[in-house]
Amino acid sequence: MKKSVFFISCDEAKHICDKAQYDEASPWEKFKLSVRLMYCNVTQKYYKRNKKLTKVVKSSNTDCLKPKEREALEMKFKKELTKY
């Protein structure tokens, strides 16, 4: 069975969708994804959820611990664990 040039599997579409999220997909892959999005409801839902997730992650204002704060916290954990 010959593989089609334009039509891709659902799994391949999900992989391309993930790549497109990080601007790693080629224009040809984006074109094949857009063709798949025209007729596949599963891929459409995955694409929408992926797009929403990207938006939420980019808009989040999370603060991470600085390396020194992290080390101090780890030391406290180790100290407490040695008590038991």
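Please read all numbers here as calculations on a predicted model, not as lab measurements.
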Review point. Nearest heavy-atom pair of Ile8 and Tyr39: which atoms, and what distance?
Key: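 What the structure gives for the nearest pair is O-OH, 4.0 Å.
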Review point. Where do Leu33 and Cys17 come nearest, in terms of heavy atoms and distance?
Key: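 Heavy-atom minimum between the residues: CD2-CA, 3.9 Å.
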Non-neighbouring partners of [X] that pass salt bridge (Lys or Arg N to Asp or Glu O under 4.0 Å), sequence neighbours left out:
{"X": "Lys52", "result": "none"}
{"X": "Lys19", "result": "Glu29"}
{"X": "Glu69", "result": "none"}

Quiz: residues 71-79 side-chain donor-acceptor pairs under 3.5 angstrom, not counting sequence neighbours:
from: Glu74; atom 1: OE2; to: Arg70; atom 2: NE; distance (Å): 3.3

Check your understanding: Quick one: does Val35's side chain get under 4.5 Å of Met38's, heavy atoms only?
Key ->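 Side chain of Val35 against side chain of Met38, heavy atoms only: contact under 4.5 Å found.
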**Study point:** Sub-4.5 Å side-chain heavy-atom contact between Phe31 and Ile16
**Key:**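 No, side chains not in contact.
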Check your understanding: Rounded to the nearest 0.5 Å, how far does NZ of Lys48 lie from CG of Asn50?
Key ->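 Asn50 atom CG to Lys48 atom NZ measures 13.5 Å (nearest 0.5 Å).
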Check your understanding: Out of curiosity, Arg36 CZ to Ser9 OG, how far, rounded to the nearest 0.5 Å?
Key ->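 Interatomic distance, Arg36 CZ to Ser9 OG, rounded to 0.5 Å: 6.5 Å.
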Point to revise | Residues in side-chain hydrogen bond (donor to acceptor under 3.5 Å, both in side chains) contact with Tyr22, at least two apart in sequence or another chain | key: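 For Tyr22 there are no side-chain hydrogen bond (donor to acceptor under 3.5 Å, both in side chains) partners, ignoring immediate neighbours.
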**Study point:** Results of side-chain hydrogen bond (donor to acceptor under 3.5 Å, both in side chains) for Gln44 - residues two or more places apart only
**Key:**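 Gln44 satisfies side-chain hydrogen bond (donor to acceptor under 3.5 Å, both in side chains) with no residue once adjacent residues are dropped.
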